[in-house]
Amino acid sequence: MMLPMDFFERPTLIVAHDMLGKFLCCSDGRALMITEVEAYDGPQDLACHAARGRTPRTEVMFGAAGHFYVYLIYGIHWMLNVVTDRKDYPAAVLIRGLEGISGPARLTKALKIDKKLNTLPAHPASGFWFEDRGTRIPSREIIKTPRIGVDYAGPEWATKPWRFLVKNGSS
DNA sequence: TAAGTGATCTCT
DNA sequence: GAGATCACTTAA
């Protein structure tokens, strides 16, 4: 079953947690289980791009949930995010790892994701969407850690355990 | 451990 | 327009 838009229209931490074990589906037929995500929640979260205000780049995070936010980092790597929570509240979940693929930039490279997907909805018409295929990850197999590469946000935000991963998920 | 790479944002 | 910054990967 394809995840409906209202799956994403909930608090970001809940969406991030629930996305583990769901599948990212591609119009070429591939479907890979999500094993690692990070939450970026709201204008007060200094690690969230939208904390710097509403700009052309972050505009999509202020929009409706269930849309992709794709951007280039370090001039080389594409990052894949999904917008969460209600409209006008900037938040998103970064997809960091899929079954057999660890690393957010490896994932976008493998799926040939780039800015063409930015602002599009998670729907077959866009080429990528999410499905629940009945997999349930037991809570004891979900590990929480601080987010990666966000030291610039200061200790209060950099240490929040907003990275979720499935134990042994990348194997 | 450091370099590579370019869009974006914040000044002039 | 110029300069700094950056949610990463790879090869040493």
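Each chain gets a letter, A, B and so on, in the order the sequences are listed, and its residues count up from 1. Because the structure is a prediction, the values reported are computed rather than measured.
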Select base, sugar-phosphate, or nothing to describe what A:R147 touches, counting heavy atoms under 4.0 Å on all strands. nothing
Mind checking if A:A105 touches a base, just sugar-phosphate, or nothing, with heavy atoms under 4.0 Å? sugar-phosphate
Under 6.0 Å between the ring centres of A:F8 and A:F130? yes
Please determine whether ring pair (Phe, Tyr, Trp, His ring centres under 6.0 Å) holds for the pair A:H49 and A:Y71, giving the CA-CA distance in whole Å, both sets of side-chain angles, and the decisive distance to 0.1 Å. CA-CA 11 Å; A:H49 289 164; A:Y71 68 93; 4.8 Å; yes
Which one, C:dT9, B:dT8, C:dA7, comes nearest to the side chain of A:H77? C:dT9
I want to verify a distance call: between B:dC9, C:dA7, C:dT10, whose nearest atom is closest to the A:N81 side chain?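 From the listed options, C:dA7 comes nearest.
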Would you sort out whether A:E131 and A:K22 count as a salt bridge (charged side-chain N to carboxylate O under 4.0 Å, His left out), showing the intermediate values? CA-CA 6 Å; A:E131 285 186 14; A:K22 300 296 186 288; over 6 Å; no
Do side-chain atoms of A:T12 reach the backbone of A:A39 as a donor and acceptor pair under 3.5 angstrom?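 Such a contact is absent between A:T12 side chain and A:A39 backbone.
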Side-chain (A:T84) to main-chain (A:G66) donor-acceptor, under 3.5 angstrom: no
Rounded to whole Å, please give me the gap between [atom1] in [X] and [atom2] in [N].
{"X": "A:L107", "N": "C:dA7", "atom1": "CG", "atom2": "P", "answer": "17 Å"}
{"X": "A:L72", "N": "B:dC9", "atom1": "CG", "atom2": "C1'", "answer": "15 Å"}
{"X": "A:M79", "N": "C:dA7", "atom1": "CE", "atom2": "P", "answer": "10 Å"}

If you assign each of A:K115 and A:I76 to its closest nucleotide in DNA chain B, which residue comes earlier from the 5' end? A:I76
Given the rule that a pair is Watson-Crick or G-U wobble with both distances under 3.5 Å, how would you write DNA chain C in dot-bracket, using | for pairs to a different strand? ||||||.||||.
Using heavy-atom distances to pick each residue's nearest nucleotide on DNA chain C, tell me which of A:L80 and A:K109 is more 5'.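 Going by which nucleotide is closer to the 5' end, it is A:L80.
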Is it the case that the base of B:dA7 and the side chain of A:Y71 share a donor-acceptor contact (distance under 3.5 Å, atom types as modelled)? no
Decide salt bridge (charged side-chain N to carboxylate O under 4.0 Å, His left out) for A:R147 and A:D45; before the verdict, give the C-alpha distance in whole Å, the side-chain angles of both, and the deciding distance to 0.1 Å. CA-CA 12 Å; A:R147 293 173 290 182; A:D45 175 5; 2.8 Å; yes
Any side-chain N or O of A:R106 below 4.0 angstrom from OP1/OP2 of C:dT10?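 Yes.
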